[in-house]
Amino acid sequence: MAKNLIIVESPAKSKTIKKFLGKNYEVVASNGHVRDLPKSQMGVDLEHDFEPKYITIRGKGELLAGLRKEVKKADKIYLATDPDREGEAISWHLCHALKLEPEKTKRITFNEITKNAVRNSIKQSRKLDMDLVNAQQARRVLDRIVGYSISPLLWQKVKRGLSAGRVQSVALRIIADREREIDAFIPKEYWTLEAEFIVDNLKKPLIAKYYGDPDKREISSKEEIESIQRDLKDAEYEIKDIRRGERNKKPPLPFTTSTLQQECARQLNFATRKTMQIAQQLYEGVQVKGHGTIALITYLRTDSTRVSDEADTACKAFITENYGDEYIIEGVVAPKRSQKIQDAHEAIRPTYVELTPVQVKDSLTRDQFRLYQIIWKRFVASRMHSAKYETLSVKIDGNGHRFTSAGSKLLFPGFLSVYQSEEDKEEKNPALAKMKEDSRLKFSSLKDEQHFTQPPAHFTEASLVKALEELGIGRPSTYAPTISTLIYRRYVVKEQKNLYMSEIGDAVNQIMESAFPSIVDVNFTATMEALLDSVAEGKVEWKTIVRNFYPDLKDAIDQADKALEKIKIEDEVTDVICELCGRNMVIKYGPHGKFLACPGFPECRNTKPYYEKIGVRCPKCGGEIVIKKTQKGRRYYGCENNPECDVMTWQRPSGENCPKCGGMLLEKGNKLVCEDPACGTIKEKPKS
């Protein structure tokens, strides 16, 4: 009997696949990549048409020897690495490392690890797709050239161990731009006014919001709100209009990689890396009681919301059986196809919809269960009918001013029976639906409240993934590694989900923006991603992209190198004396930014925190205002006499006091703004 060998990446995947095949199939794992570019050098021959120099990854020798023995016994070899460009490249590297014969080697792919999918893939086996391999080679070579060309300049300018990357540097730029936007934001005052009415057939008071007079009007000052309240002092109120209607809330689409990462960050507080690690486990297979080792979800790296006809039919049958025909959606409304979507794989969904989260809960870890549950619910909800609401809006007039109130009541839950976000869980003022056209109302009270506009939110991992996807930067497989690298390198710090620029990250970004503007240009990077897609489609030769890219990069590196040669970078000597040996301490860069160190190292190893003075006196105690960092590395400004003095601000103090209230004036872009938003003082920043 002929012996067939199937090579996959992971032992978990091999265990899952093995149960679907007969005794004449052997399934082994390569444990990921077996060849790569060397870490000790660039590994790309710039003089000979950018030919990559691949080497066997250290520690893989013994594993490859074992795989070669299995290859010799086999009549046919099937390469079953993941169904994406990286998986195609791993298969190609296996062909070279194991010296596989083309005539007996085939490539198989499957979007889900089920019996039918695996067996069908063997029937539809094919040759390696060199277009996909070359698209991955182009990405790897471009990233290596950028990283290994620019990183040494960062070592020279800032500190050793820093790195630049084609995608990570753009992501850092996006975060830096948001930080600047937040720092420059000047809050604007606005007011809201609410009226409370007693309605004869409602148990609870009716709260209506001020709308205008009668056209929509924004209230921007205390004087305006007081004027409106004077007009309304003895007003008689009447119901001007009541409108009833129905509103449908459409079900969500199944998960893509990006939307899964965003939703897990919001609902489960998972980092993007953690989401992908657990999803990989569910995709490759877990031990489920009564079923053995099975894969619970489909492939996890996808930008498509497409679902196979088979899965769609199975899901609708499940909904009919458990909820009823009225819950099934009539057709599926898909979003407009974007040019950025590759649509190579299905959406992320459960492989067996009949395996509910409750049935597999005892076989999964807590995090595996929570992730499977959210994927299962989202998929089932995507095949269900819209939720239907009864809506009612009311307009109330009094002395030329208008108040409005709106409410909704759930009529038919539809997909909400399975999947609800936080905003879906509460009905909006449902009692209002009982209001009638002839209802009588009695004025009770007015409530005014002062507000200030808020700056853009700091990026979280979830919102950064969304921004990268919308801008066309990176692909589903790159979001998590990109963000993980920024955090690992300490270019950004993560506090309570928010991402903040660190001192080191700020320094690196400034160099990248000044010396390599094209590398950190959003549009340039998005265009490069589109070109890589063209390679995968067989439209462009991969080395053409590298040939066109490298000359401009080399010119930029040469110019930056010359500029840096003129700067003799030495440790800055301070007036702080080392108490151990008497030397003047110097400023050095560490993993968290600047610190004071004794120049007598290694004889003297004394170090201290470095607090940079900004030339501004504390308005409370007269001490120096210095730049400090939180425990995780986020920068702020505080008094040197802390904790005795509690003066602290995220924005840089200007040294001027507010002429109106005496508070600190803070620098926000090209303006000086009072620290107290209620004061509202804004001045032009003096030109330095």
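Sequential numbering from 1 along the given sequence is applied to the chain's residues. Here the structure is a predicted model, which means the values were calculated and not measured.
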Might you work through the side-chain contact (heavy atoms from CB on, under 4.5 Å) test for L665 and V673, ending with a clear yes or no?
-> CA-CA 5 Å; L665 288 181; V673 181; over 6 Å; no
On the ring face of [Y], is [X] found with NZ or CZ under 6.0 Å from the centre and within 45° of the axis?
X	Y	value
K409	Y389	no
R366	F369	no
R652	Y637	no

How far apart are the C-alpha atoms of F412 and Y327, what are their side-chain angles, what is the distance that settles it, and do they pass the side-chain contact (heavy atoms from CB on, under 4.5 Å) test?
-> CA-CA 9 Å; F412 176 68; Y327 279 84; 3.8 Å; yes
Given the rule in the side chain to side chain donor-acceptor pair (under 3.5 Å) test, do Q262 and S463 qualify, once you have shown the distances and angles that lead to the verdict?
-> CA-CA 7 Å; Q262 292 171 52; S463 60; over 6 Å; no
Going by heavy atoms in the side chains, are [X] and [Y] under 4.5 Å from each other?
X	Y	answer
E461	I487	yes
S169	V520	yes
S258	D303	no
V360	Y372	yes
M384	P251	no

So, [X] and [Y]: side-chain donor and acceptor under 3.5 Å apart, yes or no?
X	Y	value
E112	T298	no
E88	Q136	no
T256	T259	yes

Does the ring centre of H451 sit less than 6.0 Å away from the ring centre of Y190?
-> yes
Hey, do the aromatic rings of H458 and Y500 have their centres closer than 6.0 Å?
-> yes
Do any N or O atoms from the side chain of K668 and from the backbone of F185 form a donor-acceptor pair under 3.5 angstrom?
-> yes
Hey, mind stepping through E284 and S10 against side chain to side chain donor-acceptor pair (under 3.5 Å) and telling me if it holds?
-> CA-CA 8 Å; E284 291 180 346; S10 74; 2.9 Å; yes
